[in-house]
Amino acid sequence: MKRSMIKETLEKVGEVVVLKGWVNSIREHGKVVFIDLRDRTGMVQVVFWGEVAVAAKALGVEYVVEIEGLVKQRSGSNVNAEIETGSVEIEGQKLTVINESKTPPFEINKDTSAVDEAVRLKYRYLDLRSARVQKNIKLRSEFVRRVREFLFGQDFTEIETPLLTKSTPEGSRDFVVPSRLQPGKFYALPQSPQQYKQLLMTAGFEKYFQTARAIRDEDLRADRGFEHTQIDLEMSFVERDDVMNLVEEMMITVAEEMGYQIKEKPFPRITYKESMAKYGADKFDLRTEEEVKNGVLAFAWVVEFPFFEKTDDGKWTFSHNPFSMPISEHLDDLMEGKNIGEIKTTQYDLICNGYEAGGGSIRAHKAEILEATYKVMGYSAEETRESVGHMLEAFQLGTPPHGGIALGVERMIMNLANEKYLREVQAFPMTGSGQTSVMEAPSELSEKQLKELSLKSVM
RNA sequence: GGGGCUGUAGCGCAGUUGGUUAGCGCGUCUCCCUGUCACGGAGAAGGUCGUGGGUUCGAAUCCCAUCAGCCUCGCCA
């Protein structure tokens, strides 16, 4: 007999069905045994009488079972309004144990958020079975699916960019990968697809996106991990408002399709200066207590950030992104290297419920603009060529004006799922010291592996 | 790299003027129960008190060191 899903039993009253899934809980009452059976679609009560009840008593929680039984309408006080399938139950006729389970190290038929996180991560595959985490991961899938559908509807092309790429001295610390074929040399994992996506604009795709992994070797936080996923997109022949309007339409469409309410449309736009004056920060939460409770999403844009800021040793460095254009009124100042502290960038940050949900800008698409930026940061012409010479070259081979944005997927799902921790919306997160779940990386390499990579153990 | 908090049974916790058998709840196991859905009832098992060292007649408790976890500042184009 073909397997039915648990949710479908609501429409199969009077039929004999085969269900497969996990034993969520067991309630023994002498001659009658109830189990709650769980599959990916939900949970249903199975009742066992007589001989099959004896077999059911041997079950344990999280056993994987196949149950053949009759779907019956529940009557009167037996109806359970608390659960989705509470109007029906399965009268179990045949019970097969597909796989047994040891007693789980923690109770996954309850909310696991109180359980020691180290234990949850060691057994993450069990933690992922629990209702709340399962829901978060599915919500994430749905969000990404709808974003994809929206962007495909707008004629975007999804393109993957390399994971093994070049280390960039600026920005965050790189994760590096030793090269076997070129001893002593290293790849870096991408902190962002920034340069590749700009090159895709040079390549004439005009509208690009991907769900990109960004990997940064910086200390972790509740809302920040070594790896996170971005909706990364870039468009040609656009100005700042074109990108912001498209992203805004996308977020509204996706969030509303998913049943969320948005506090203010169009999203309020505020300058960095106003934001600092009003909120003392470049991000803020506009929701009332009531709106927080009701899961309302409050988006806002912050614009006109200073392009440069002073480092501790008094040099200028970029505040957000060296590949950005300044706002048009300040382009001359950049080119001439004057009033540096006053130059504003085309950078726009999307804020959602107090989190920075994403950021982007209109990019430099001419070599002399990028060169001017690097000159402000104290680079000689030669140093600039060494760092971004490939970009300067591309910019001299027909690069259109372009701009884009990167949106943090985890931060967005945290807002949608009302979670405070990034780890709650990643399938296999790591601890704050970079220990991976389940598999215990980082780990040592064998002598053979080290030798192939021309590396020496310092231990 | 700095700061704060935490570590006691599988999970969640209580337990310090240092004191003899370290408790509670959930879970687990055994028995009873024909309608429960966090079932109920009776009983039982389960602990190197993170680790190492020290003080003491005696340490979960005091001291030193160390490890791990969470949060946070720095950091995160």
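Each chain gets a letter, A, B and so on, in the order the sequences are listed, and its residues count up from 1. Below, all heavy atoms of this structure are taken into account, side chains as well, without hydrogens, waters or symmetry copies.
- A straight line from CG of A:N24 to P of B:A38 spans 11 Å, rounded to a whole angstrom.
- Checking the phosphate oxygens (OP1, OP2) of B:U36, no side-chain nitrogen or oxygen of A:R74 falls inside 4.0 Å.
- Residue-nucleotide stacking is not present for A:F106 and B:C11, judged by a side-chain ring centre under 5.5 Å from the six-membered base ring centre and planes under 30° apart.
- Side chains of A:E234 and A:Q198: no donor on one and acceptor on the other come within 3.5 Å.
- Between A:D219 atom CG and B:G74 atom P the separation is 12 Å, expressed in whole Å.
- Contact between the side-chain N/O atoms of A:H29 and the OP1/OP2 oxygens of B:G35 is found at a separation under 4.0 Å.
- Taking a 6.0 Å sphere around NZ of A:K138, one finds it holds more than 12 heavy atoms contributed by other residues, nucleotides or ligands.
- The cationic atom of A:K31 (NZ for Lys, CZ for Arg) does not lie both less than 6.0 Å from the six-membered ring centre of A:W49 and within 45° of the ring axis.
- Across the P atoms, B:A42 and B:C63 are found 43 Å apart, a figure rounded to whole Å.
- A distance of about 8 Å separates the C1' atoms of B:G41 and B:C33, rounded to the whole Å.
- Side chain A:R120 to base B:G69: no donor-acceptor pair is found below 3.5 Å.
- No hydrogens or angles were tested; on distance alone, nothing pairs the side chain of A:E28 with the base of B:U36 as donor and acceptor under 3.5 Å.
- Across the strands present, B:A68 finds its partner in B:U6; the criterion is a Watson-Crick or G-U wobble pair with both atom distances under 3.5 angstrom.
- With C1' as the reference atom, B:A60 and B:G19 are 13 Å apart, rounded to whole Å.
- Within a 6.0 Å sphere centred on CZ of A:R40, other residues, nucleotides and ligands contribute 12 heavy atoms or fewer.
- Atom CG of A:D116 and atom C1' of B:G69 are 7 Å apart (whole Å).
- Nucleotides B:U66 and B:G2, compared at atom P, are 11 Å apart to the nearest Å.
- Nearest nucleotide to the side chain of A:T103, out of B:G35, B:U28, B:G1: B:U28.
- For the side chain to side chain contact (heavy atoms under 4.5 Å, CB included) with A:I67, the lone residue among A:T96, A:V52, A:I35 that qualifies is A:I35.
- The side chain of A:E107 lies closest to B:G10, out of B:C70, B:G10, B:G74.
- Atom P of B:C24 sits at a distance of 13 Å from the matching atom of B:G43, rounded to the whole Å.
- Nucleotides B:C26 and B:C73 are separated by 38 Å at their C1' atoms, to the nearest Å.
- Side-chain N/O atoms of A:R224 and base N/O atoms of B:C76 include a donor-acceptor pair closer than 3.5 Å.
- Nucleotide B:U56 has no partner under the Watson-Crick or G-U criteria, as no pair reaches both atom distances under 3.5 Å.
- Side-chain proximity of A:V32 to B:U34, B:C76, B:U72: nearest is B:U34.
- At a threshold of 4.0 angstrom between heavy atoms, the contacts of A:S319 are confined to the sugar-phosphate backbone, with no base atom among them.
- Heavy atoms of A:E117 sit under 4.0 angstrom from primed sugar atoms or phosphate atoms, though from no base atom.
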Could you walk me through whether A:F305 and A:K344 pass the side chain to side chain contact (heavy atoms under 4.5 Å, CB included) test, one step at a time? CA-CA 6 Å; A:F305 292 88; A:K344 303 278 199 297; over 6 Å; no
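- In this structure, the CD1 atom of A:I83 is 13 Å from the C1' atom of B:A38, given to the nearest Å.
- Residue order along RNA chain B, read from the 5' end via each residue's closest nucleotide, puts A:V115 first among A:E82 and A:V115.
- Taking side-chain N and O atoms only, A:R27 has no distance below 4.0 Å to OP1 or OP2 of B:U36.
- Neither OP1 nor OP2 of B:A68 sits under 4.0 Å from any side-chain N or O of A:T431.
- Side chain A:E89 to base B:G35: a donor-acceptor pair is found below 3.5 Å.
- If you check B:A42 for Watson-Crick or wobble pairing at under 3.5 angstrom, you find it paired to B:U30.
- Of the candidates B:C37, B:G35, B:C11, B:C37 carries the atom nearest the A:D36 side chain, counting heavy atoms from C-beta on.
- Under the Watson-Crick or G-U wobble criterion, with both distances below 3.5 Å, B:C11 is paired with B:G25.
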